[in-house]
Structures are given as structure tokens and as C-alpha cells.
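Everything on this sheet refers to the single structure shown next.
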Amino acid sequence: MAGAQSGVLVLQPRFRKGFRTPTGRLTDFVSGRINTKGKFDFTHGRAVARIRMPDATGVWPAFWLLGNGDWPATGEIDIMEFVGEKDWIGVALHGPGYSGETPLVNKHFFEDGSDVTQWHEYAVEWSAQVIEFQVDGHTLYRATRPMVEHYGKWVFDGPQHVILNFAVGGVYPYKTNGIDMPYSGVPADTVERIRAGEIRMEVDWVRVYGAK
């Protein structure tokens, strides 16, 4: 797929040894998170973004929707999560009774010759009965209301806002690669590439359409 035509949004982690967050937590990385909470949300419809990601073990960029109330009571729709293995991305739903290690999860494996470092469109089609995840227009997973209600309450009839973020390390990368040094889920070569400014997530555009 062709590249971006008019510039991109860049979310890029930086190494900042001993950085203290506004909540007082100490960390060695700072990064980017953009959301539309309090500015824009929607209930049912289609959300899609055109994104290119880095080939880097232990990173955790994501494109997702989140309910405006307490988590997981108002739901979370993970349209795309990438944890450093460039041949696949994950999708998931979170809600009461199916949060954290959710059973409502799937992976999309790219065809030979394609991976996350190329431009792809990641999307969700969201209705009152079905949530369908897509990559480049092809469905990779469909969760129906009865499937969700097998585990807990369906909480996807209320407004959700849009989030794009770039995390480094954490539970999901660690459970994928088993690396614990120098950081949980993050090997030394990824740290050095972050120091050098080589790792970033690029977003060409984000579009949201109302329900048909």
C-alpha cells in the first residue's frame, strides 16, 4: 500500500531515566497517548485508522475504543494491539466478567510478504448485536451479543471514545516474548533503538462513521 500523502501523526517513545509521572510513578520511558474523551464519542458505527508500526520487540502500540465510565463496566474494544512480533496483531473485547485475560480475543496473521511495518487499515464494525474486527477490509474476528453474554453483561450500547497510544513493555509483551531484562518485555536492543529515536508509530488518518 502507498505511503501517507500529507504527513502523519507520530507517537514515539523516548528514554528518560528516572522520569516521575504526574501520579508519582517512576519510569525510564515517556511516550504518547491521544484520546477524544470529553471531545468526541459515539455509539455503534465504524472506526478505522490507517497505521504503520515499527519492527521492534517489546513495544505495545494500540488503537482502541473505551467507555466513558468505570473500567470494565462500560466496555473496551481493542481494534489493534501490536506487541512486537511483526507478523500479527491482536484484537479483543473487555467488559464485566471478561476483562484482563479475556476469552473474546483473536489474532490476525499477515500473509507472506506483508507485516505491520507496512500501511494497513485497522477497523471495527460495531452494532447492537455484533462487533466485527477487520484488517484491510477483511474480517478477522466477529463477536456476537450471545457470545459476549456467555461470559458477562453486554456493555456495548453506550458511547465510547477513541484512543491511540504507544506503550513500551508491560504484561502483554512480556507474556508474548518472556523477556525480563533490562525491562519487562523489552530487550536491550529495543531500548537502544528508542534512545536513538528509531522507533515510532505512524498514523495517516482516523475515521469514524455512524451506524447505517
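Values reported hereafter were calculated over all heavy atoms of this structure, with side chains retained and with hydrogens, waters and symmetry mates removed. Sequence positions, counted from 1, serve as the residue numbers for this chain. Here the structure is a predicted model, which means the values were calculated and not measured.
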Would you say [X]'s side chain and [Y]'s backbone share a donor-acceptor pair under 3.5 angstrom?
{"X": "Thr139", "Y": "Tyr141", "answer": "no"}
{"X": "Tyr98", "Y": "Lys153", "answer": "yes"}
{"X": "Asp78", "Y": "Trp64", "answer": "no"}
{"X": "Gln118", "Y": "Asp115", "answer": "yes"}

So if you build clusters from Ile, Leu, Val, Met, Phe, Trp, Tyr with side-chain heavy-atom gaps below 4.5 Å, do [X] and [Y] land together?
{"X": "Val206", "Y": "Ile34", "value": "yes"}
{"X": "Leu164", "Y": "Val124", "value": "yes"}
{"X": "Val148", "Y": "Ile79", "value": "yes"}
{"X": "Met201", "Y": "Val83", "value": "no"}
{"X": "Val162", "Y": "Val203", "value": "yes"}

Let's go through Ile89 and Lys107 carefully: what are the C-alpha distance in whole Å and the side-chain angles of both, what is the deciding distance for side chain to side chain contact (heavy atoms under 4.5 Å, CB included) to 0.1 Å, and is it a yes or a no? CA-CA 6 Å; Ile89 59 95; Lys107 293 178 179 179; over 6 Å; no

To the closest 0.5 Å, what do you measure between [atom1] ([X]) and [atom2] ([Y])?
{"X": "Tyr172", "Y": "Asn177", "atom1": "OH", "atom2": "CG", "result": "11.5 Å"}
{"X": "Ile77", "Y": "Leu104", "atom1": "CD1", "atom2": "CG", "result": "11.5 Å"}
{"X": "Thr57", "Y": "Asp189", "atom1": "OG1", "atom2": "CG", "result": "6.0 Å"}
{"X": "Leu66", "Y": "Thr36", "atom1": "CG", "atom2": "OG1", "result": "10.0 Å"}
{"X": "Arg142", "Y": "Met147", "atom1": "CZ", "atom2": "CE", "result": "9.5 Å"}
{"X": "His161", "Y": "Lys39", "atom1": "NE2", "atom2": "NZ", "result": "10.0 Å"}

So Phe29 and Phe15, would you call those rings parallel, tilted or perpendicular, with 30° and 60° as cut-offs?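 Phe29 and Phe15: perpendicular rings.
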
Would Phe110 and His120 count as a close aromatic pair, with their ring centres under 6.0 Å?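 Here the rings of His120 and Phe110 have centres that are less than 6.0 Å from each other.
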
Close aromatic pair by centroid cut-off 6.0 Å: Phe42 and His44: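 No - the distance between ring centres of Phe42 and His44 does not fall below the 6.0 Å cut-off.
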
Minimum heavy-atom separation for [X] to [Y], with atom names?
{"X": "Ile199", "Y": "Gln12", "value": "O-CG, 3.1 Å"}
{"X": "Ser99", "Y": "Trp71", "value": "CB-CH2, 3.5 Å"}
{"X": "Ala47", "Y": "Leu65", "value": "CB-CD2, 4.4 Å"}
{"X": "Gly169", "Y": "Val186", "value": "CA-CG2, 3.3 Å"}
{"X": "Gly158", "Y": "Thr43", "value": "C-OG1, 3.3 Å"}
{"X": "Pro72", "Y": "Val155", "value": "O-CG2, 4.2 Å"}

Any side-chain heavy-atom pair from [X] and [Y] closer than 4.5 angstrom?
{"X": "Ile51", "Y": "Met80", "value": "yes"}
{"X": "Trp88", "Y": "Thr176", "value": "yes"}
{"X": "Leu93", "Y": "Phe156", "value": "yes"}
{"X": "Asp41", "Y": "Gln160", "value": "no"}
{"X": "Ser31", "Y": "Leu11", "value": "no"}
{"X": "Glu81", "Y": "Trp60", "value": "yes"}
{"X": "Ile163", "Y": "Phe63", "value": "no"}
{"X": "His108", "Y": "Val91", "value": "no"}

Check the pair Tyr151 / Thr102 against side chain to side chain contact (heavy atoms under 4.5 Å, CB included), numbers first and verdict last. CA-CA 9 Å; Tyr151 298 101; Thr102 173; over 6 Å; no

Pair Arg46-Gln134, side-chain hydrogen bond (donor to acceptor under 3.5 Å, both in side chains): steps then yes or no: CA-CA 10 Å; Arg46 176 178 174 84; Gln134 299 176 351; 2.8 Å; yes

Output, in order, the C-alpha distance, side-chain angles, deciding distance and verdict of side chain to side chain contact (heavy atoms under 4.5 Å, CB included) for Val8 and Trp119. CA-CA 12 Å; Val8 296; Trp119 288 105; 3.7 Å; yes

With side chain to side chain contact (heavy atoms under 4.5 Å, CB included) as the criterion, how do Leu9 and Glu202 come out once you've worked through the C-alpha distance, each side chain's angles and the decisive distance to 0.1 Å? CA-CA 6 Å; Leu9 166 71; Glu202 297 174 311; over 6 Å; no

Sort out for me which residue in Asp28, Thr27, Leu26 forms a side-chain contact (heavy atoms from CB on, under 4.5 Å) with Phe19.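 For Phe19, the side-chain contact (heavy atoms from CB on, under 4.5 Å) check succeeds only for Thr27.
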
One thing to verify: whether Arg145 and Asp157 come together as a salt bridge, which I'm taking to mean a side-chain N less than 4.0 angstrom from a carboxylate O.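 Judged by the 4.0 Å cut-off on N to carboxylate O distance, Asp157 and Arg145 do form a salt bridge.
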
Taking NZ, NE, NH1 and NH2 as the nitrogens, is one of them in Lys175 or Glu101 under 4.0 Å from a carboxylate oxygen of the other?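 Yes.
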
